[in-house]
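Here's the structure, in C-alpha coordinates; my notes come after.
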Amino acid sequence: MAVLRPFDKLPTLNSGILLLVGPDEALQQRLSETILQEKRDFNINVHLATSLPLPPERDHLRPRIDLIVFMIDIKSKYSLKKVECSLAHVDASFFLGKVCFLVTGVGRVNACSVEMNAVCKLGEAYCSPVLFCELELEDTRVATAQRLVRMLRICAGHIPGVSALSFVSLMRKSDDD
Amino acid sequence: MAARAGSSASAPAPTSVPAPAPAPAPAPAPAPTSAPTPTTAPAPTMAPAPTSVPASAPAPTSVPAPAPAPAPAPAPAPAPAPAPAPTSAPAPTTAPAPTTAPAPAPTTAPAPAPAPTSAPAPASSQGGSGGSGDSVGVDICSLLRLRNQMKEQLMEYKSAILTCQENFLDQEIEESVIQSATEHLENDIEEVKVSFHNKMLALQRTQISDALRNKLKQGDEDSRLILETMKHLVLLSQTIIDYQKKIHEKEQQLINIRRERLSLKVYGGQKLQQIQTMMKRQKEKQASMDVRKIEKMLANLEKEREMTTIIQNVFQNIIVGSKVNWAEDPSLKAIVLQLGKNVYLQ
(Lines give C-alpha, C1' and ligand atoms only; values in the text may rest on other atoms or scores of the structure.)
Protein backbone atom coordinates (compact mmCIF):
# COMPACT_ATOMS: atom_id res chain seq x y z
CA MET A 1 0.00 0.00 0.00
CA ALA A 2 1.08 3.53 -0.53
CA VAL A 3 1.08 4.68 3.08
CA LEU A 4 3.12 3.05 5.83
CA ARG A 5 1.03 2.26 8.86
CA PRO A 6 2.50 1.20 12.15
CA PHE A 7 -0.05 -1.31 13.36
CA ASP A 8 -1.22 -2.95 10.19
CA LYS A 9 0.72 -6.14 10.68
CA LEU A 10 1.52 -8.40 13.56
CA PRO A 11 4.93 -7.91 15.10
CA THR A 12 7.70 -10.38 14.49
CA LEU A 13 8.69 -12.25 17.61
CA ASN A 14 11.85 -11.05 19.38
CA SER A 15 12.88 -8.79 16.58
CA GLY A 16 12.97 -5.17 15.65
CA ILE A 17 12.61 -3.88 12.12
CA LEU A 18 14.39 -0.69 11.20
CA LEU A 19 13.76 1.25 8.01
CA LEU A 20 16.41 3.68 6.84
CA VAL A 21 15.17 6.21 4.30
CA GLY A 22 17.64 8.50 2.65
CA PRO A 23 19.20 9.18 -0.76
CA ASP A 24 22.76 8.22 0.21
CA GLU A 25 22.97 4.42 -0.14
CA ALA A 26 26.62 3.94 0.80
CA LEU A 27 26.13 5.67 4.13
CA GLN A 28 23.01 3.62 4.78
CA GLN A 29 24.98 0.43 4.11
CA ARG A 30 27.71 1.42 6.52
CA LEU A 31 25.31 2.46 9.23
CA SER A 32 23.32 -0.73 8.93
CA GLU A 33 26.50 -2.80 9.10
CA THR A 34 27.49 -1.02 12.28
CA ILE A 35 24.01 -1.53 13.70
CA LEU A 36 24.11 -5.25 12.99
CA GLN A 37 27.49 -5.54 14.67
CA GLU A 38 25.97 -4.31 17.94
CA LYS A 39 25.75 -6.84 20.72
CA ARG A 40 22.08 -7.60 21.26
CA ASP A 41 19.72 -10.34 22.26
CA PHE A 42 17.04 -9.84 19.64
CA ASN A 43 16.98 -9.93 15.88
CA ILE A 44 17.33 -6.76 13.91
CA ASN A 45 16.21 -6.43 10.32
CA VAL A 46 17.43 -3.33 8.56
CA HIS A 47 15.54 -2.25 5.47
CA LEU A 48 17.08 0.35 3.20
CA ALA A 49 15.15 2.67 0.92
CA THR A 50 16.05 5.76 -1.01
CA SER A 51 12.54 7.15 -0.82
CA LEU A 52 8.99 6.29 0.05
CA PRO A 53 6.58 4.90 -0.96
CA LEU A 54 8.02 1.43 -0.86
CA PRO A 55 7.26 -0.67 -3.93
CA PRO A 56 3.90 -2.30 -3.28
CA GLU A 57 4.74 -5.54 -5.06
CA ARG A 58 6.61 -6.99 -2.11
CA ASP A 59 4.43 -5.48 0.58
CA HIS A 60 3.07 -8.80 1.80
CA LEU A 61 6.60 -10.03 2.39
CA ARG A 62 7.61 -7.06 4.49
CA PRO A 63 7.30 -7.34 8.24
CA ARG A 64 5.89 -4.64 10.49
CA ILE A 65 8.27 -1.69 10.64
CA ASP A 66 9.10 -0.55 14.15
CA LEU A 67 11.25 2.50 13.58
CA ILE A 68 11.72 4.71 10.55
CA VAL A 69 14.91 6.73 10.41
CA PHE A 70 15.00 9.50 7.82
CA MET A 71 18.59 10.31 6.96
CA ILE A 72 19.27 13.88 5.94
CA ASP A 73 22.72 14.82 4.71
CA ILE A 74 23.58 18.29 5.83
CA LYS A 75 25.69 18.83 2.74
CA SER A 76 22.87 18.34 0.23
CA LYS A 77 19.54 20.10 0.06
CA TYR A 78 18.37 17.31 -2.22
CA SER A 79 18.30 14.85 0.66
CA LEU A 80 16.11 17.20 2.68
CA LYS A 81 13.71 17.58 -0.22
CA LYS A 82 13.52 13.85 -0.80
CA VAL A 83 12.88 13.20 2.87
CA GLU A 84 10.13 15.82 2.91
CA CYS A 85 8.51 14.16 -0.11
CA SER A 86 8.75 10.76 1.56
CA LEU A 87 7.13 12.03 4.74
CA ALA A 88 3.82 12.29 2.95
CA HIS A 89 3.71 8.52 2.55
CA VAL A 90 3.89 7.78 6.25
CA ASP A 91 0.73 7.46 8.29
CA ALA A 92 0.19 10.05 11.00
CA SER A 93 0.14 7.45 13.77
CA PHE A 94 3.75 6.60 12.93
CA PHE A 95 4.84 9.98 14.19
CA LEU A 96 3.94 9.06 17.76
CA GLY A 97 7.52 8.19 18.51
CA LYS A 98 8.29 5.69 15.75
CA VAL A 99 10.00 8.18 13.47
CA CYS A 100 13.41 9.70 13.94
CA PHE A 101 15.39 12.17 11.86
CA LEU A 102 19.09 11.52 11.54
CA VAL A 103 21.21 14.40 10.30
CA THR A 104 24.56 13.17 9.00
CA GLY A 105 27.72 14.91 8.04
CA VAL A 106 27.74 17.43 10.86
CA GLY A 107 31.49 17.09 11.24
CA ARG A 108 32.15 19.49 8.41
CA VAL A 109 30.75 22.80 9.53
CA ASN A 110 31.90 24.78 6.50
CA ALA A 111 30.11 22.54 4.00
CA CYS A 112 26.61 22.92 5.47
CA SER A 113 23.99 23.74 2.92
CA VAL A 114 20.97 22.73 4.97
CA GLU A 115 20.14 25.16 7.74
CA MET A 116 19.90 23.85 11.28
CA ASN A 117 16.79 25.93 11.65
CA ALA A 118 15.03 24.08 8.87
CA VAL A 119 15.92 20.69 10.31
CA CYS A 120 14.86 21.62 13.83
CA LYS A 121 11.59 23.01 12.53
CA LEU A 122 11.01 19.76 10.68
CA GLY A 123 11.57 17.82 13.88
CA GLU A 124 9.20 20.07 15.80
CA ALA A 125 6.52 19.94 13.11
CA TYR A 126 6.56 16.14 13.10
CA CYS A 127 7.08 15.72 16.86
CA SER A 128 10.06 13.47 16.28
CA PRO A 129 13.54 13.49 17.73
CA VAL A 130 16.35 14.83 15.59
CA LEU A 131 19.72 13.16 16.05
CA PHE A 132 22.91 14.70 14.77
CA CYS A 133 25.78 12.41 13.88
CA GLU A 134 28.85 11.96 11.74
CA LEU A 135 28.86 8.60 10.00
CA GLU A 136 32.31 8.89 8.44
CA LEU A 137 34.06 8.39 11.76
CA GLU A 138 34.04 4.99 13.41
CA ASP A 139 33.39 6.15 16.96
CA THR A 140 30.41 8.34 16.29
CA ARG A 141 28.97 5.75 13.92
CA VAL A 142 29.13 3.13 16.67
CA ALA A 143 27.57 5.57 19.15
CA THR A 144 24.77 6.40 16.70
CA ALA A 145 24.19 2.71 16.08
CA GLN A 146 23.89 2.12 19.82
CA ARG A 147 21.38 4.94 20.16
CA LEU A 148 19.33 3.63 17.26
CA VAL A 149 19.35 0.10 18.67
CA ARG A 150 18.09 1.40 22.00
CA MET A 151 15.36 3.42 20.30
CA LEU A 152 14.46 0.37 18.24
CA ARG A 153 14.05 -1.73 21.36
CA ILE A 154 11.64 0.80 22.79
CA CYS A 155 9.70 1.21 19.55
CA ALA A 156 9.41 -2.54 19.06
CA GLY A 157 7.88 -2.80 22.51
CA HIS A 158 10.62 -4.88 24.10
CA ILE A 159 11.04 -2.68 27.15
CA PRO A 160 8.13 -3.06 29.54
CA GLY A 161 6.79 0.21 30.85
CA VAL A 162 8.39 2.42 28.21
CA SER A 163 6.51 2.99 24.99
CA ALA A 164 7.43 4.94 21.90
CA LEU A 165 4.98 7.64 22.99
CA SER A 166 7.38 8.73 25.70
CA PHE A 167 9.78 10.06 23.05
CA VAL A 168 7.34 12.86 22.33
CA SER A 169 7.17 14.07 25.91
CA LEU A 170 10.87 13.50 26.56
CA MET A 171 11.72 15.80 23.69
CA ARG A 172 10.17 18.88 25.26
CA LYS A 173 12.83 21.48 25.88
CA SER A 174 12.97 22.79 29.41
CA ASP A 175 12.81 26.42 28.29
CA ASP A 176 9.58 25.92 26.38
CA ASP A 177 6.76 27.64 28.17
CA MET B 1 22.16 -8.01 6.63
CA ALA B 2 19.19 -7.47 4.45
CA ALA B 3 20.64 -5.75 1.41
CA ARG B 4 23.85 -7.74 1.41
CA ALA B 5 21.91 -10.99 1.68
CA GLY B 6 19.87 -9.69 -1.21
CA SER B 7 22.90 -9.19 -3.41
CA SER B 8 24.38 -12.54 -2.49
CA ALA B 9 21.12 -14.45 -2.74
CA SER B 10 20.12 -13.06 -6.10
CA ALA B 11 22.77 -15.24 -7.73
CA PRO B 12 21.38 -18.62 -6.62
CA ALA B 13 17.77 -17.44 -6.93
CA PRO B 14 17.48 -17.55 -10.74
CA THR B 15 19.05 -20.99 -10.87
CA SER B 16 16.89 -22.79 -8.27
CA VAL B 17 13.45 -21.18 -8.18
CA PRO B 18 12.29 -17.98 -9.82
CA ALA B 19 11.44 -16.72 -6.36
CA PRO B 20 11.79 -13.08 -5.47
CA ALA B 21 15.06 -11.91 -3.98
CA PRO B 22 14.88 -11.75 -0.18
CA ALA B 23 11.73 -10.13 0.99
CA PRO B 24 13.10 -7.39 3.26
CA ALA B 25 15.05 -5.39 0.66
CA PRO B 26 12.67 -2.89 -0.96
CA ALA B 27 15.13 -2.17 -3.74
CA PRO B 28 13.30 -1.05 -6.87
CA ALA B 29 15.60 -2.92 -9.26
CA PRO B 30 14.69 -6.52 -8.41
CA ALA B 31 11.06 -5.67 -7.71
CA PRO B 32 9.74 -5.46 -11.29
CA THR B 33 11.46 -8.68 -12.31
CA SER B 34 10.02 -10.62 -9.41
CA ALA B 35 6.60 -9.02 -9.38
CA PRO B 36 4.79 -11.71 -11.38
CA THR B 37 6.59 -14.58 -9.66
CA PRO B 38 5.06 -14.56 -6.16
CA THR B 39 1.74 -15.75 -7.52
CA THR B 40 3.29 -18.82 -9.14
CA ALA B 41 6.10 -19.49 -6.70
CA PRO B 42 4.09 -20.44 -3.62
CA ALA B 43 2.37 -23.38 -5.34
CA PRO B 44 5.43 -25.47 -6.18
CA THR B 45 7.36 -24.56 -3.03
CA MET B 46 4.67 -25.18 -0.39
CA ALA B 47 6.05 -28.63 0.37
CA PRO B 48 9.49 -27.59 1.57
CA ALA B 49 8.06 -24.54 3.40
CA PRO B 50 7.46 -25.98 6.90
CA THR B 51 10.87 -27.54 7.17
CA SER B 52 12.74 -24.42 6.10
CA VAL B 53 10.65 -21.93 8.11
CA PRO B 54 12.67 -22.26 11.34
CA ALA B 55 15.72 -21.01 9.52
CA SER B 56 13.89 -18.10 7.91
CA ALA B 57 13.79 -15.79 10.88
CA PRO B 58 17.52 -15.48 11.49
CA ALA B 59 18.43 -15.67 7.81
CA PRO B 60 18.33 -11.96 6.99
CA THR B 61 20.24 -10.85 10.00
CA SER B 62 22.93 -13.35 10.95
CA VAL B 63 26.12 -14.51 9.24
CA PRO B 64 25.93 -14.30 5.45
CA ALA B 65 27.25 -17.86 5.08
CA PRO B 66 23.98 -19.67 5.88
CA ALA B 67 21.96 -16.87 4.25
CA PRO B 68 22.41 -17.73 0.54
CA ALA B 69 21.32 -21.36 1.00
CA PRO B 70 18.02 -20.93 2.80
CA ALA B 71 17.30 -17.46 1.35
CA PRO B 72 15.59 -18.53 -1.90
CA ALA B 73 13.49 -21.20 -0.17
CA PRO B 74 12.08 -19.26 2.78
CA ALA B 75 11.31 -16.25 0.62
CA PRO B 76 8.09 -17.77 -0.67
CA ALA B 77 7.39 -19.41 2.70
CA PRO B 78 6.17 -16.27 4.44
CA ALA B 79 4.33 -15.43 1.23
CA PRO B 80 1.39 -17.77 1.76
CA ALA B 81 1.01 -16.70 5.39
CA PRO B 82 0.49 -12.96 4.92
CA ALA B 83 -0.92 -13.39 1.41
CA PRO B 84 -4.53 -13.47 2.59
CA ALA B 85 -3.90 -10.48 4.89
CA PRO B 86 -3.12 -7.82 2.23
CA THR B 87 -6.26 -8.65 0.32
CA SER B 88 -8.38 -7.52 3.20
CA ALA B 89 -6.03 -4.96 4.75
CA PRO B 90 -6.19 -2.27 2.03
CA ALA B 91 -9.99 -2.36 1.95
CA PRO B 92 -10.92 -1.34 5.54
CA THR B 93 -10.01 2.01 7.12
CA THR B 94 -7.61 2.20 10.01
CA ALA B 95 -10.35 1.72 12.60
CA PRO B 96 -11.33 -1.81 11.74
CA ALA B 97 -7.87 -2.69 10.46
CA PRO B 98 -6.54 -4.13 13.71
CA THR B 99 -9.79 -5.97 14.27
CA THR B 100 -10.12 -7.51 10.82
CA ALA B 101 -6.46 -8.18 10.28
CA PRO B 102 -6.47 -10.84 12.95
CA ALA B 103 -9.59 -12.32 11.31
CA PRO B 104 -7.87 -13.64 8.20
CA ALA B 105 -4.70 -14.14 10.22
CA PRO B 106 -6.14 -16.89 12.45
CA THR B 107 -6.77 -19.02 9.36
CA THR B 108 -3.06 -18.92 8.75
CA ALA B 109 -2.27 -18.57 12.45
CA PRO B 110 -1.59 -22.26 12.97
CA ALA B 111 1.05 -22.10 10.25
CA PRO B 112 3.05 -19.17 11.55
CA ALA B 113 2.20 -19.82 15.21
CA PRO B 114 4.25 -23.01 15.58
CA ALA B 115 6.88 -21.53 13.29
CA PRO B 116 7.72 -18.46 15.40
CA THR B 117 7.74 -20.47 18.60
CA SER B 118 10.46 -22.64 17.18
CA ALA B 119 12.05 -19.68 15.41
CA PRO B 120 13.30 -18.05 18.60
CA ALA B 121 15.01 -21.27 19.50
CA PRO B 122 17.56 -21.10 16.72
CA ALA B 123 17.43 -17.28 16.95
CA SER B 124 18.48 -17.34 20.56
CA SER B 125 21.10 -19.97 19.99
CA GLN B 126 22.43 -18.21 16.97
CA GLY B 127 22.17 -14.78 18.56
CA GLY B 128 24.10 -16.18 21.46
CA SER B 129 21.67 -15.22 24.24
CA GLY B 130 20.33 -18.67 25.22
CA GLY B 131 22.47 -20.89 27.33
CA SER B 132 21.53 -24.27 25.90
CA GLY B 133 23.05 -25.34 22.63
CA ASP B 134 19.94 -27.33 21.64
CA SER B 135 18.04 -26.27 18.60
CA VAL B 136 14.80 -26.83 20.56
CA GLY B 137 15.94 -25.98 24.12
CA VAL B 138 14.93 -22.47 25.17
CA ASP B 139 15.78 -21.23 28.65
CA ILE B 140 13.25 -19.67 30.96
CA CYS B 141 14.82 -16.22 30.93
CA SER B 142 14.30 -15.75 27.22
CA LEU B 143 10.75 -17.06 27.53
CA LEU B 144 9.98 -14.54 30.23
CA ARG B 145 11.57 -11.83 28.15
CA LEU B 146 9.43 -12.78 25.18
CA ARG B 147 6.39 -12.79 27.42
CA ASN B 148 7.16 -9.24 28.55
CA GLN B 149 7.68 -8.15 24.97
CA MET B 150 4.38 -9.57 23.88
CA LYS B 151 2.61 -7.94 26.81
CA GLU B 152 4.08 -4.58 25.89
CA GLN B 153 3.20 -5.01 22.22
CA LEU B 154 -0.34 -6.01 23.18
CA MET B 155 -0.65 -2.83 25.22
CA GLU B 156 0.57 -0.79 22.25
CA TYR B 157 -1.99 -2.35 19.96
CA LYS B 158 -4.75 -1.78 22.54
CA SER B 159 -3.88 1.89 22.83
CA ALA B 160 -3.76 2.12 19.02
CA ILE B 161 -7.27 0.66 18.86
CA LEU B 162 -8.42 3.17 21.47
CA THR B 163 -7.03 6.07 19.47
CA CYS B 164 -8.69 4.83 16.30
CA GLN B 165 -12.04 4.46 18.00
CA GLU B 166 -12.15 8.10 18.99
CA ASN B 167 -14.17 9.87 16.34
CA PHE B 168 -12.81 13.30 15.62
CA LEU B 169 -14.81 14.07 12.53
CA ASP B 170 -17.99 15.10 14.34
CA GLN B 171 -16.72 18.34 15.75
CA GLU B 172 -14.38 20.88 14.28
CA ILE B 173 -10.91 20.52 15.66
CA GLU B 174 -9.12 23.70 16.51
CA GLU B 175 -5.42 23.45 16.61
CA SER B 176 -5.11 25.88 19.48
CA VAL B 177 -7.44 23.76 21.61
CA ILE B 178 -5.39 20.68 20.92
CA GLN B 179 -2.19 22.52 21.61
CA SER B 180 -3.39 23.88 24.91
CA ALA B 181 -4.68 20.44 25.83
CA THR B 182 -1.32 18.88 25.01
CA GLU B 183 0.44 21.56 27.03
CA HIS B 184 -1.77 20.89 30.01
CA LEU B 185 -1.18 17.17 29.74
CA GLU B 186 2.54 17.62 29.38
CA ASN B 187 2.62 19.92 32.38
CA ASP B 188 0.77 17.28 34.35
CA ILE B 189 3.25 14.67 33.24
CA GLU B 190 6.15 16.91 34.26
CA GLU B 191 4.63 17.62 37.64
CA VAL B 192 4.00 13.96 38.31
CA LYS B 193 7.53 13.09 37.24
CA VAL B 194 9.05 15.75 39.43
CA SER B 195 6.99 14.85 42.46
CA PHE B 196 7.81 11.19 41.94
CA HIS B 197 11.48 12.00 41.71
CA ASN B 198 11.32 14.09 44.87
CA LYS B 199 9.50 11.37 46.71
CA MET B 200 12.10 8.87 45.60
CA LEU B 201 14.84 11.15 46.85
CA ALA B 202 13.11 11.62 50.19
CA LEU B 203 12.55 7.90 50.47
CA GLN B 204 16.17 7.17 49.69
CA ARG B 205 17.27 9.72 52.22
CA THR B 206 15.17 8.18 54.98
CA GLN B 207 16.41 4.76 54.00
CA ILE B 208 20.01 5.87 54.17
CA SER B 209 19.56 7.59 57.52
CA ASP B 210 17.81 4.53 58.90
CA ALA B 211 20.60 2.29 57.65
CA LEU B 212 23.18 4.63 59.19
CA ARG B 213 21.35 4.64 62.49
CA ASN B 214 21.18 0.85 62.55
CA LYS B 215 24.82 0.65 61.67
CA LEU B 216 25.81 3.05 64.39
CA LYS B 217 23.91 1.05 66.95
CA GLN B 218 26.13 -1.90 66.23
CA GLY B 219 29.10 -0.08 67.61
CA ASP B 220 31.92 -1.72 65.70
CA GLU B 221 34.92 -0.34 63.81
CA ASP B 222 32.92 0.92 60.87
CA SER B 223 30.38 2.68 63.01
CA ARG B 224 33.16 4.41 64.93
CA LEU B 225 34.57 5.69 61.68
CA ILE B 226 31.12 6.78 60.59
CA LEU B 227 30.59 8.60 63.88
CA GLU B 228 33.93 10.36 63.57
CA THR B 229 33.15 11.36 60.01
CA MET B 230 29.80 12.71 61.04
CA LYS B 231 31.32 14.73 63.87
CA HIS B 232 33.90 16.08 61.47
CA LEU B 233 31.11 16.96 59.07
CA VAL B 234 29.25 18.81 61.81
CA LEU B 235 32.40 20.71 62.72
CA LEU B 236 33.08 21.67 59.13
CA SER B 237 29.53 22.82 58.55
CA GLN B 238 29.73 24.89 61.72
CA THR B 239 32.90 26.60 60.52
CA ILE B 240 31.35 27.13 57.12
CA ILE B 241 28.36 28.81 58.74
CA ASP B 242 30.63 31.05 60.81
CA TYR B 243 32.67 32.06 57.78
CA GLN B 244 29.56 32.77 55.84
CA LYS B 245 28.29 35.00 58.63
CA LYS B 246 31.55 36.91 58.60
CA ILE B 247 31.39 37.21 54.86
CA HIS B 248 27.92 38.59 55.14
CA GLU B 249 29.00 41.17 57.71
CA LYS B 250 31.97 42.23 55.61
CA GLU B 251 29.76 42.56 52.60
CA GLN B 252 27.39 44.76 54.55
CA GLN B 253 30.29 46.98 55.63
CA LEU B 254 31.45 47.17 52.07
CA ILE B 255 28.00 48.22 50.96
CA ASN B 256 27.85 50.91 53.64
CA ILE B 257 31.22 52.28 52.65
CA ARG B 258 30.20 52.35 49.02
CA ARG B 259 27.03 54.19 49.89
CA GLU B 260 28.97 56.78 51.86
CA ARG B 261 31.39 57.19 49.00
CA LEU B 262 28.55 57.76 46.64
CA SER B 263 26.99 60.41 48.88
CA LEU B 264 30.38 62.10 49.25
CA LYS B 265 30.82 62.14 45.51
CA VAL B 266 27.45 63.72 45.04
CA TYR B 267 28.20 66.31 47.73
CA GLY B 268 31.59 67.08 46.17
CA GLY B 269 29.94 67.55 42.83
CA GLN B 270 27.47 69.97 44.25
CA LYS B 271 30.20 71.97 45.94
CA LEU B 272 32.21 72.23 42.75
CA GLN B 273 29.21 73.52 40.95
CA GLN B 274 28.65 76.13 43.59
CA ILE B 275 32.27 77.22 43.28
CA GLN B 276 31.91 77.54 39.55
CA THR B 277 28.83 79.71 39.77
CA MET B 278 30.46 81.89 42.39
CA MET B 279 33.57 82.43 40.29
CA LYS B 280 31.45 83.34 37.32
CA ARG B 281 29.53 85.87 39.37
CA GLN B 282 32.76 87.37 40.69
CA LYS B 283 34.18 87.79 37.22
CA GLU B 284 31.06 89.53 36.05
CA LYS B 285 31.16 91.83 39.02
CA GLN B 286 34.82 92.64 38.37
CA ALA B 287 34.13 93.36 34.76
CA SER B 288 31.25 95.67 35.53
CA MET B 289 33.27 97.39 38.24
CA ASP B 290 36.20 97.97 35.91
CA VAL B 291 33.94 99.49 33.38
CA ARG B 292 32.43 101.86 35.89
CA LYS B 293 35.83 102.89 37.24
CA ILE B 294 37.12 103.68 33.81
CA GLU B 295 34.11 105.77 33.04
CA LYS B 296 34.52 107.69 36.24
CA MET B 297 38.19 108.30 35.58
CA LEU B 298 37.49 109.50 32.09
CA ALA B 299 34.86 111.88 33.42
CA ASN B 300 37.29 113.24 36.01
CA LEU B 301 39.94 113.63 33.41
CA GLU B 302 37.65 115.63 31.21
CA LYS B 303 36.66 117.84 34.08
CA GLU B 304 40.24 118.57 35.08
CA ARG B 305 41.17 119.34 31.50
CA GLU B 306 38.36 121.76 31.14
CA MET B 307 39.28 123.39 34.44
CA THR B 308 42.90 123.78 33.38
CA THR B 309 41.90 125.27 30.04
CA ILE B 310 39.55 127.67 31.81
CA ILE B 311 42.28 128.66 34.26
CA GLN B 312 44.76 129.12 31.44
CA ASN B 313 42.33 131.23 29.50
CA VAL B 314 41.66 133.36 32.52
CA PHE B 315 45.38 133.76 33.14
CA GLN B 316 46.01 134.74 29.54
CA ASN B 317 43.20 137.22 29.61
CA ILE B 318 44.55 138.70 32.81
CA ILE B 319 48.00 139.04 31.31
CA VAL B 320 46.68 140.55 28.08
CA GLY B 321 44.26 142.81 29.94
CA SER B 322 46.92 144.08 32.28
CA LYS B 323 48.79 145.65 29.27
CA VAL B 324 52.08 144.24 30.44
CA ASN B 325 54.72 143.60 27.79
CA TRP B 326 54.56 139.91 27.95
CA ALA B 327 56.92 139.34 24.96
CA GLU B 328 59.93 140.29 27.05
CA ASP B 329 59.31 137.94 29.92
CA PRO B 330 59.84 134.34 28.73
CA SER B 331 57.49 132.81 31.31
CA LEU B 332 54.65 135.20 30.43
CA LYS B 333 55.35 134.51 26.73
CA ALA B 334 55.10 130.80 27.30
CA ILE B 335 51.74 131.19 29.08
CA VAL B 336 50.22 133.44 26.41
CA LEU B 337 51.52 131.28 23.56
CA GLN B 338 50.06 128.24 25.15
CA LEU B 339 46.64 129.70 24.50
CA GLY B 340 46.99 128.77 20.88
CA LYS B 341 47.61 125.22 21.78
CA ASN B 342 44.58 125.17 24.06
CA VAL B 343 42.44 126.83 21.49
CA TYR B 344 43.65 124.28 19.02
CA LEU B 345 42.86 121.54 21.49
CA GLN B 346 39.35 122.82 21.97
Side-chain angles (χ1 to χ4, degrees), chain A residues 1-2 5-15 17 19 25 28-29 32-33 35-36 39-63 91 93 96 153-166 168-169 172 174 176-177, chain B residues 1-4 20 22-28 30-32 34-35 38 57-58 60-62 75 78-79 82-83 85-86 89-90 94 97-98 101-102 105 112 116-117 119-120 123-124 127-129 142 145-146 148-157 159-161 163-164 185-186 189-190:
Chain A
M1 58 197 92
R5 289 181 212 276
F7 293 116
D8 258 359
K9 307 184 188 176
L10 290 176
T12 338
L13 198 59
N14 201 26
S15 43
I17 317 288
L19 173 67
E25 293 191 14
Q28 283 179 356
Q29 284 265 7
S32 39
E33 276 166 28
I35 287 174
L36 290 169
K39 204 172 61 140
R40 62 199 186 270
D41 51 2
F42 66 111
N43 294 334
I44 296 185
N45 273 1
V46 184
H47 295 216
L48 309 175
T50 49
S51 72
L52 298 174
L54 301 176
E57 298 92 14
R58 301 240 226 84
D59 192 58
H60 54 282
L61 299 169
R62 253 176 244 130
D91 187 42
S93 42
L96 291 170
R153 289 194 77 149
I154 294 174
C155 292
H158 291 184
I159 315 267
V162 184
S163 99
L165 291 168
S166 46
V168 176
S169 65
R172 295 291 287 178
S174 55
D176 274 356
D177 259 308
Chain B
M1 219 264 287
R4 213 195 306 145
S34 56
T61 60
S62 53
T94 54
T117 54
S124 59
S129 72
S142 54
R145 201 163 37 86
L146 290 172
N148 282 337
Q149 282 176 16
M150 291 175 79
K151 260 187 171 176
E152 183 69 24
Q153 284 165 353
L154 177 68
M155 217 176 66
E156 275 185 11
Y157 275 93
S159 55
I161 291 173
T163 52
C164 293
L185 288 170
E186 275 169 353
I189 291 176
E190 279 295 320

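Just so we're on the same page: letters track the sequence lines, and every chain starts at 1.
Between A:Ala156 and B:Gln153, the shortest heavy-atom distance links the atoms O-NE2, 2.8 Å. Here the shortest heavy-atom pairing between B:Glu152 and A:Val162 reads OE2-O, 3.4 Å.
Considering only residues two or more places apart in sequence or on other chains, A:Ser93 meets the side chain to side chain donor-acceptor pair (under 3.5 Å) condition with A:Asp91.
Under the 4.5 Å side-chain criterion, counting only non-hydrogen atoms from C-beta, B:Met150 is in contact with A:Leu13.
No side-chain donor-acceptor contact under 3.5 Å links B:Gln149 to the backbone of A:Gly157.
Contacts of A:Leu52 with chain B are absent, with no heavy-atom separation under 4.5 Å from either backbone or side chain. Interface remark: A:Ile159 contributes backbone atoms only to the contact with chain B (heavy atom separation under 4.5 Å).
When A:Pro160, A:Ala164, A:Pro6 are compared by the number of non-hydrogen pairs under 4.5 Å with chain B, A:Pro160 comes out ahead.
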